[in-house]
There are 2 protein chains.
Amino acid sequence: MNSSSLEAVFANGISQSRSIRYRESIYAAIKEAILSGKLLPNQPLVEEQLAASLNVSRTPVREALTILAHENFIGPQGGRGLYVRSLSRQEFVDIFVANEAVEPYLARRAALLASEEQLADIAEALDRGDACAAALDTAGFLRASRDFHGRVGTAAGNTPLAGFVLSNEERTDMYLLNYGKVVNGEQMEISNNEHRAILGALKNRDPEAAQRLAIVHAQSLRERFAELFQPLAEE
Amino acid sequence: MNSSSLEAVFANGISQSRSIRYRESIYAAIKEAILSGKLLPNQPLVEEQLAASLNVSRTPVREALTILAHENFIGPQGGRGLYVRSLSRQEFVDIFVANEAVEPYLARRAALLASEEQLADIAEALDRGDACAAALDTAGFLRASRDFHGRVGTAAGNTPLAGFVLSNEERTDMYLLNYGKVVNGEQMEISNNEHRAILGALKNRDPEAAQRLAIVHAQSLRERFAELFQPLAEE
DNA sequence: TGCATGTGTTTTGTATACAAGTATACGATG
DNA sequence: CATCGTATACTTGTATACAAAACACATGCA
């Protein structure tokens, strides 16, 4: 019953090139399905069904699930089985606050350290965000925005912090994609403009402005998505 | 040849109570062995040897190793096998900088939010640090210090940030334990005093002081362990 | 001697088999 | 009709078996 829906989700299968570990492809496939909204929160992940959909055995599926569970994308829910995790409002806010605390620092450092190539990478993510906003492609926009923030982090030259921020973005994006109808065309455009301002500061090698604009961006998000931050109304 | 040494490392075996997942105990046992210095950097982790030492099959060992590898405590090194990872100087500095960027914020929040029970937990870690410093027990001191920082993070009420900081502490402590002869009795005492000052600010509910003292502590560490930062001196 | 190659061994990656735990359906009982 | 208990089916956790990759060593050849 669910098997068919999973086969739809993983219609392409995974790259069966023998020299690449299945675990990696399976991990990427499931994570991608979650981040793109093809696997919804609270959906059960049955090892055998996943294995059948992907034409592999349970073993590599288990290892992929182990990692995803450790990253909190999926988790137990009751006694048996793993499910796509649904972030609570509190978790969403905590993760947002975490990035709010870290990203201004990364923007400042990126203004000092970003290479020309890295600036081009960041600009690419920005352009992609514009295109997705125009097409009202929310999932695509979220990925572009995620790439933007992730690449700013990378340009700041601190791998642990950059990884932390990116992983947080992935999880909040999952929340926004599934729960918030809040990400509409106007919101995307505003975010893109704020991103553009940050990139401008990076290009000008102006760390103070970059830091300030990152703070402004976070505050703007808080105001525009205020409903998500209101003290635990429901759920 | 390593089999015997591994059996020494895991002499106690793992808790064999059937209702607890082996994976968890194995994960904890290996991580503990790494953090306490019983497993040294670059030491190979052979699944079958670990399984034999722990009296389980390879399967749960593999899952524990998968998680540890994902957390970067262990990793591939060449073509085959997993090894205890040795942090490069650059990685050590990056992780230190990451915590330097985050911990002042957590100290500030903890001053506002810590419960009396949490303050007592923090004090307990501090007392333990004193005892270990007096006994020149470096590994014990590092754990106590780690607990101190971790509990301050917990008290700040942001799970993702607290987990990030704790995981970073674990990795830098591993570095200090194995590479630095720098953690001597005097250094431990100084750190404990700085920790005590931070705890005082938390008890006084003085967020500004807590934040400032956390920054002071980080700067003090940079100066006292300057040799670890030398080749990369920045800022 | 030095290098290439082949063979045997070790170790991992994947698949499968089996055991144990959990949920569900169904009937018995009040 | 509701509730409980038991049987049954399903899913996971662990063990084992097998295949493929990586390493080590030896041998052959220039």
Side-chain angles (χ1 to χ4, degrees), chain A residues 1-7 9-10 13-30 39 42-70 73-85, chain B residues 1-7 9-10 13-30 39 42-70 73-85:
Chain A
M1 51 150 191
N2 264 337
S3 177
S4 61
S5 80
L6 278 183
E7 280 187 20
V9 167
F10 299 112
I14 59 174
S15 81
Q16 290 277 9
S17 77
R18 271 285 146 166
S19 69
I20 283 184
R21 310 272 175 270
Y22 288 166
R23 184 199 335 178
E24 298 305 318
S25 343
I26 296 168
Y27 166 82
I30 297 175
L39 282 176
N42 299 314
Q43 183 159 349
L45 297 166
V46 179
E47 295 175 4
E48 206 153 355
Q49 290 178 6
L50 289 167
S53 308
L54 296 161
N55 278 311
V56 295
S57 79
R58 278 176 55 209
T59 307
V61 171
R62 276 183 71 78
E63 309 212 328
L65 293 180
T66 299
I67 297 175
L68 288 163
H70 189 259
F73 284 110
I74 66 179
Q77 188 171 301
R80 178 173 64 168
L82 291 166
Y83 300 76
V84 178
R85 282 218 49 192
Chain B
M1 66 150 194
N2 265 336
S3 175
S4 60
S5 81
L6 278 181
E7 279 186 19
V9 167
F10 298 114
I14 60 174
S15 80
Q16 290 277 10
S17 76
R18 272 284 147 166
S19 68
I20 282 185
R21 311 275 174 265
Y22 290 166
R23 185 198 338 179
E24 299 304 319
S25 341
I26 297 169
Y27 166 82
I30 298 176
L39 284 176
N42 299 314
Q43 183 159 350
L45 297 165
V46 179
E47 294 175 4
E48 205 152 355
Q49 289 179 4
L50 290 168
S53 309
L54 296 161
N55 278 313
V56 295
S57 79
R58 277 177 57 208
T59 307
V61 172
R62 277 183 70 79
E63 309 212 328
L65 293 181
T66 299
I67 297 175
L68 288 164
H70 188 259
F73 284 110
I74 65 180
Q77 187 170 302
R80 177 175 64 169
L82 291 166
Y83 300 76
V84 178
R85 281 216 51 192

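All chains are named by letter (A, B, ...) in the order of the sequence lines, taking the proteins before the strands, and each is independently numbered beginning at 1.
Rounded to whole Å, atom P of dT11(D) lies 10 Å from atom OH of Tyr83(A). Summarising the geometry, the separation between CG on Asn55(A) and C1' on dA15(C) is reported as 13 Å, rounded to the nearest angstrom. dT12(D) atom P lies 9 Å from atom CG of Leu45(A), rounded to whole Å. One can place CZ of Arg58(A) at 12 Å from P of dA17(C), the figure rounded to the nearest angstrom. The interatomic distance linking Glu48(A) (CD) with dC18(C) (C1') rounds to 13 Å, in whole Å. Residue Tyr27(B) contributes atom OH, which lies 17 Å from atom P of dG13(D) at whole-angstrom precision. Per the geometry, CD belonging to Gln77(B) stands 15 Å off C1' belonging to dC23(D), to the nearest Å. If you measure from atom CG of Leu50(B) to atom P of dA15(D), you get 14 Å, rounded to the nearest angstrom.
Residues meeting the side-chain contact (heavy atoms from CB on, under 4.5 Å) test with Phe73(B), sequence neighbours left out: Lys31(B), Ile34(B), Leu35(B), Leu68(B), Glu71(B), Glu170(B), Arg171(B), Met174(B). In terms of the side-chain contact (heavy atoms from CB on, under 4.5 Å) criterion, residue partners of Thr66(B) (sequence neighbours excluded) are, by chain and number, Arg23(A), Glu63(A), Ile67(A).
Ranking dT12(C), dA15(C), dT12(D) by closeness to the Val46(A) side chain, first place goes to dT12(D). Comparing dA22(D), dT16(C), dT14(D) against the side chain of Arg80(B) picks out dA22(D) as the nearest. Between dT16(C), dA15(D), dG13(D), one nucleotide has an atom nearer to the side chain of Ser57(A) than all others, and that is dT16(C).
Where Gly81(A) and Gly78(B) each meet DNA chain D at their nearest nucleotide, the meeting point lying more 5' is that of Gly81(A). Each of Leu82(B) and Pro60(A) lies near DNA chain C, and the nucleotide nearest Leu82(B) is the one positioned closer to the 5' end.
For the side chain to side chain contact (heavy atoms under 4.5 Å, CB included) criterion with Leu50(B), the lone passing option out of Val56(B), Ile26(B), Leu65(B) is Leu65(B).
Taking every heavy atom of residues 62-70 of chain A and every atom of DNA chain C, no pair lies under 4.0 Å.
Within the model, atoms CG of Leu82(A) and CZ of Arg62(A) stand 8.5 Å from one another, a figure rounded to the nearest 0.5 Å. Note: Phe10(A) CZ to Gln49(A) CD = 11.0 Å, rounded to the nearest 0.5 Å. Put simply, CG on Leu39(A) and CG on Leu45(A) are 6.0 Å apart, with the number rounded to the nearest 0.5 Å.
Sequence neighbours left out, the pairs with a member in residues 48-61 of chain B that pass salt bridge (charged side-chain N to carboxylate O under 4.0 Å, His left out) are Glu47(B)-Arg58(B).
End-to-end axis angle of the helix from dT1(C)-dA30(D) to dG30(C)-dC1(D), using five pairs per end and rounding to 10°, comes to 0°.
Minimum interatomic distance between Tyr22(B) and Pro60(B) (heavy atoms only, all atoms of both residues): CB-CB, 3.8 Å.
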